[in-house]
Amino acid sequence: MNELTINLKTEGKTPLYEQIYEYIRSEIREGHIVSGEKLPSTRALSRYLEVSRSTVELAYEQLLSEGYIEAQPYRGYFAAQVDGLYQFRSQDQQEKKISPKTKKSYCYDFTPNGVDLKSFPYNAWRKLSKECLSDDRAELFRLGCPQGEYGLRRAISSYLHQARGVNCTPDQIIVGAGNDYLMMLLCAIIGTRHKVALENPTYKQAYRLFENLSCEVCTVDMDAKGMRVDELEASGADIAFVMPSHQYPLGTVMPIKRRMELLGWANEGVNRYIIEDDYDSEFRYKGKPIPALQGYDGKGKVIYIGTFSKSIAPAIRMSYLVLPDELCGVYDKRCGFINSTVSKVDQLILQKFIDEGYYERHLNKMRALYKSRHDTLLSALKDWRGDFTVSGENAGVHLLLHFRDGRSEQDLIRLAEEKGIKVYGLSEYFVEGEKKRESVILLGYANMNEEKIKEAVELLKKAWKK
């Protein structure tokens with residue numbers, strides 16, 4: 001073979017050598033140039049294509065490095081056997097076969113799971129990332145401690161004690177990639193022969209996880225103070241999953257008396273435990289924060305779980321589990337061999353973020369930001385004087401509107417949608433088969449600034465006007 005007819009685009013953005021490389025690679029892949037076939041010499045091909053010889057040499061070097069062609073001394077270049085080479089389809093081919101799901105866009109989204117990512121501490125995170133990677137330390141890229149790096153666990157232990165009243169040592173903490181992973185790990189530690197009771201309405205993600213992990217699952221009704229202990233006792237459950245600091249989705253804050261009743265229930269059974277998910281505990285806008293339930297536990301009955309996804313960013317994927325001393329030994333025996341799911345580099349960055357005071361400053365900033373949006377939303381709703389009551393305010397990043405005018409949640413959601421607003425109904429948090437009491441709409445405010453909140457509420461007034 002002395003010639004290869006390649007239609008080179010001299011005015012295109014793709015370099016000439018890359019066009020030659022792409023053409024020959026494609027011909028070899030598709031079998032038009034068969035294994036062992038001789039290619040033109042660099043001199044002959046450059047003369048034929050009227051390009052410099054170095055351009056052709058660059059293309060051949062790339063094909064050589066990827067194994068598409070072979071060079072034989074004094075003989076030239078030959079097409080290689082490509083059966084054993086990895087071949088990736090182009091993105092265009094993949095997109096033709098995969099039909100993307102169409103997701104409706106909204107001008108305003110009152111998602112209760114929102115986080116203001118525009119306020120992410122990019123500069124501090126970038127600085128700490130550079131510091132962590134400035135030294136060529138091979139140790140950073142070795143497998144670390146299965147529980148998470150000790151320095152990070154020590155920083156988390158100190159933060160939890162000061163901010164949440166949690167009593168623990170670094171040895172009781174396990175760091176993992178998100179709450180979902182840690183709850184799956186917890187099921188491996190304590191086993192699945194338990195009946196788990198969750199609050200009703202419930203945190204569906206946890207409900208589905210326990211159910212799919214073969215645990216028997218039930219829900220227990222709540223009153224104004226949280227999970228009803230009398231119904232918990234009657235359910236026959238031996239594990240209670242609760243969110244005492246700010247229940248999701250109702251936003252209930254469990255008072256100290258109910259917490260003591262819950263601990264009393266746990267202490268009455270040998271294998272009874274309480275899983276405390278400290279959801280939204282960082283954001284409280286009225287009154288003093290109530291310490292975590294774990295801080296009142298003197299008999300090792302509370303398993304505490306928390307995350308940095310809400311306070312920093314969801315993509316951080318770093319959560320932590322605090323085990324009672326008794327379960328630490330069980331963890332070592334059953335799961336101590338499971339490697340950590342969080343990279344050591346990310347753990348070191350977060351450790352520095354906490355130790356050097358960036359996390360505290362970031363929390364204070366976000367608390368002030370969310371409080372401003374919380375107050376703006378409450379003020380706009382107060383001026384409205386609609387036929388609803390508000391609950392779940394003063395903590396977290398969402399509140400609830402309870403409607404008394406007989407309209408269904410579906411109607412309210414549809415009317416808001418017609419104005420380009422996404423709102424969420426409480427009914428989706430009830431387990432299938434549970435009775436729905438009233439029409440309740442959740443309004444989150446974390447991902448909208450004050451102006452957008454005001455605009456959205458004005459549109460909701462028009463949408464829901466009777």
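All of these numbers come straight from a predicted model, not from anything done at the bench.
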Donor + acceptor pair across side chains of Q351, Q347 (<3.5 Å): no
Minimal non-hydrogen separation, V440 against H402, with atom names: CG2-ND1, 3.5 Å
Distance-only side-chain donor-acceptor flag, S319 / Y181, under 3.5 Å: no
Exercise: do D116 and Y445 side chains pair donor with acceptor under 3.5 Å: no
Output field: ring centroids F308/Y320 closer than 6.0 Å: yes
Least distance between heavy atoms, P249 atom then L400 atom: O-CD1, 3.6 Å
Minimum heavy-atom distance between D180 and Q205, given as atom pair plus value: OD2-NE2, 2.8 Å
Side-chain touch P146/Y331, heavy atoms, less than 4.5 angstrom: yes
Student check: side-chain heavy atoms of V253 and N394 closer than 4.5 Å: no
Derivation of the side-chain hydrogen bond (donor to acceptor under 3.5 Å, both in side chains) call for Y68 and Q62: CA-CA 9 Å; Y68 286 101; Q62 185 65 30; over 6 Å; no
F353 and Y359 aromatic ring geometry - parallel, tilted or perpendicular at 30°/60° bounds: tilted
Minimum heavy-atom distance between G425 and I413, given as atom pair plus value: N-CD1, 3.8 Å
Charged N-O contact under 4.0 Å between E261 and R258: yes
Note: E211-R208 ion pair, threshold 4.0 Å (strictly below): no
E393 versus Y285, side-chain donor and acceptor atoms under 3.5 Å: no
NZ/NE/NH1/NH2 to OD/OE distance under 4.0 Å, K454 and E458: no
Listed partners of D332 passing side-chain contact (heavy atoms from CB on, under 4.5 Å), at least two apart: Q147
N447 versus D109, closest heavy-atom pair with distance: OD1-O, 3.4 Å
Main-chain N/O of L412 paired to W464 side chain as donor or acceptor, under 3.5 Å: yes
Within 45° cone and under 6.0 Å: R361 NZ/CZ vs Y358 ring: yes
Shortest non-hydrogen separation from W265 to R272 and the atoms involved: O-NH1, 2.8 Å
E417, CD atom: more than 12 neighbouring heavy atoms under 6.0 Å: yes
Sub-4.5 Å side-chain heavy-atom contact between V342 and R317: no
NZ/NE/NH1/NH2 to OD/OE distance under 4.0 Å, R414 and D411: yes
Check: Y429/Y248 side-chain N/O donor and acceptor closer than 3.5 Å: yes
Test side-chain contact (heavy atoms from CB on, under 4.5 Å) applied to L128 and E356, step by step: CA-CA 10 Å; L128 295 175; E356 296 180 19; 3.7 Å; yes
